[in-house]
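Written below as structure tokens is the structure these notes are about.
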Amino acid sequence: MKIVIVSGSPKGQGSASEKIAAALQSRLAPAADCAALHAAKHNREEIMAALAGCGALILVFPLYVDGIPSHLLRLLDETRSAIADAAPGLTVYCVVNNGFFEARQNALALELTRNFCDSSGLKWGQGLGVGAGGMIHAARVGHGPMKNLGKALDALAENILRGQTGEDRFAEPNFPKFLYNMIAHMSWRSQARKHGLKAGELRRGL
Amino acid sequence: MKRTLILHDLSQNDAELFLPRDPVKYSSFAASPPVRHCTGCFGCWVKTPGRCVINDRGADFAALMARHDEVVFWSRLVFGGLSPDVKAVLDRSIGFVLPFFRALNAETHHVKRYDMTPDFQYIFYGDMTRQEKETAQKLAAANALNLGAERCAVSFFPSVRESAAALRAPI
Ligand SMILES: Cc1cc2nc3c(=O)[nH]c(=O)nc-3n(C[C@H](O)[C@H](O)[C@H](O)COP(=O)(O)O)c2cc1C
């Protein structure tokens, strides 16, 4: 089976989406022909060419203001029926990661993506919400705090390879929420210092 | 007097026909042609607090929100959410809140940057399904919670022309 992963993080490198896409690709690649593309790097023609005759599309993106990042949303809005024409019988899977700890906050972005499938005549496969995306580089996927994520990706990869659908799932790190929040706060302050901001300037209004 | 900021994706022609003309009560921000999209750098939080670092007109919207009593998101409904043009402006405007977390209803949300927060009004137009309307209701409530707006109203219309009436109704 031919599978295409489209990453929807606009970051150049080191995005959580890219790491999730790579972990998923390594679970799918032995059994399938799996290509990975970026909505912010590849143009419409390249993405549509990759999708031709493809059996599964996996969208992997960060949660932006409770929804889909605008550049990916534009791609989906403008390609709707063209995707169904290029790949009849395509099933869409989706992994959304967010900055807050709670993975459930990704449920709306999964719902928006499901609505995209309905309006484009595509089959919806399954969604996965991943909380605490800021922690993704803390360990290898499947290890330590990223153990839950590893299990969730194993199960998703199995469903994708079998062409099955499934209920949406949500994965949070094996790590306490209060510590994650504390580390996030320290990190915002230290990044602001690196940019030469004094304490308090980070909170100023315009 | 109440000051309303209207973020919209209307064509130039529709904007001329349907935007309110009272410049004291209403300011408007055209989402089309689109502003550049967010690059996920968080510069609006840690480099130039409150303002996006990309230098185009999309950087102005967050501070404008803080100067109005009400923000109207007037948008074509796309998959149950904002259109790509309107979303591009909103993604560029998260400097409106602080990066810091607070707990609300046992969920994490952001600490507000400004004491005062405008009410939100979502006016959606275009073809839509029942499911898309349901998603939009939830999305508007989630946005309001995350960006600190206390009141939020949502309405749906088949066309731009019909949706123009919603602006005259008080929320
Ligand atoms: C414009 C913008 C909006 C965001 N909105 C949310 C949000 O509504 N909820 C949330 O939990 N995280 C939000 N985040 C945080 C990202 O989802 C989080 O940093 C994610 O891990 C980034 O993934 P990536 O590295 O794949 O780009 C937002 C980030 C940006 C830049």
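These numbers come from a predicted model, not from an experiment. Chain identifiers are assigned alphabetically (A, B, ...) following the order of the sequence lines, protein sequences preceding nucleic acid strands; residue numbering begins at 1 within each chain.
- Interface remark: Glu78(A) contributes no atoms to any contact with chain B (heavy atom separation under 4.5 Å).
- Using modelled atom types, no side-chain atom of Asp91(B) and backbone atom of Val65(A) make a donor-acceptor pair closer than 3.5 Å.
- Classified by interplanar angle (parallel below 30°, tilted 30° to 60°, perpendicular above 60°), the ring pair Phe101(B)/Tyr180(A) is parallel.
- To the nearest 0.5 angstrom, Tyr114(B) atom OH is 10.0 Å from Arg204(A) atom CZ.
- Counting heavy-atom pairs closer than 4.5 Å to chain A, the top-ranked of the candidates Ser83(B), Gly40(B), Ser93(B) is Gly40(B).
- Per-residue counts of heavy-atom pairs under 4.5 Å with chain A were compared for Gly43(B), Gly50(B), Pro99(B); the largest is that of Pro99(B).
- With contacts defined as side-chain heavy-atom distances shorter than 4.5 Å, the pair Gln131(B)/Glu111(A) qualifies.
- Relative ring orientation between Phe100(A) and His110(B) is described as tilted, the plane-to-plane angle lying within the 30° to 60° band.
- A salt bridge between Asp77(A) and Arg76(B) is present, with a side-chain N of the basic residue lying under 4.0 Å from a carboxylate O of the acidic one.
- With a 4.5 Å cut-off on non-hydrogen atoms, Lys194(A) does not touch chain B at all.
- When each of Ala40(A), Pro10(A), Ala109(A), Ser120(A) is checked for heavy-atom pairs under 4.5 Å with chain B, Pro10(A) comes out on top.
- Neither the backbone nor the side chain of Leu75(A) comes within contact range of chain B; no heavy atom of the residue lies under 4.5 Å from a heavy atom of that chain.
- Side-chain N or O atoms of Tyr64(A) include none that pairs as donor or acceptor with a backbone N or O of Ala88(B) at under 3.5 Å.
- Interface remark: of the candidates Phe96(B), Phe100(B), Phe79(B), Phe79(B) forms the most heavy-atom pairs closer than 4.5 Å to chain A.
- Both the backbone and the side chain of Gln191(A) come within less than 4.5 Å of a heavy atom of chain B.
- Put simply, OG1 on Thr135(B) and CG on Leu110(A) are 11.5 Å apart, with the number rounded to the nearest 0.5 Å.
- Using a 4.5 Å cut-off between heavy atoms, Arg104(A) does not touch chain B at all.
- For the pair Ala142(B) and Leu108(A), the tightest heavy-atom approach, listed with the atom from each and the gap, is CB-CD1, 3.7 Å.
- Contacts of Ala141(B) with chain A are absent, with no heavy-atom separation under 4.5 Å from either backbone or side chain.
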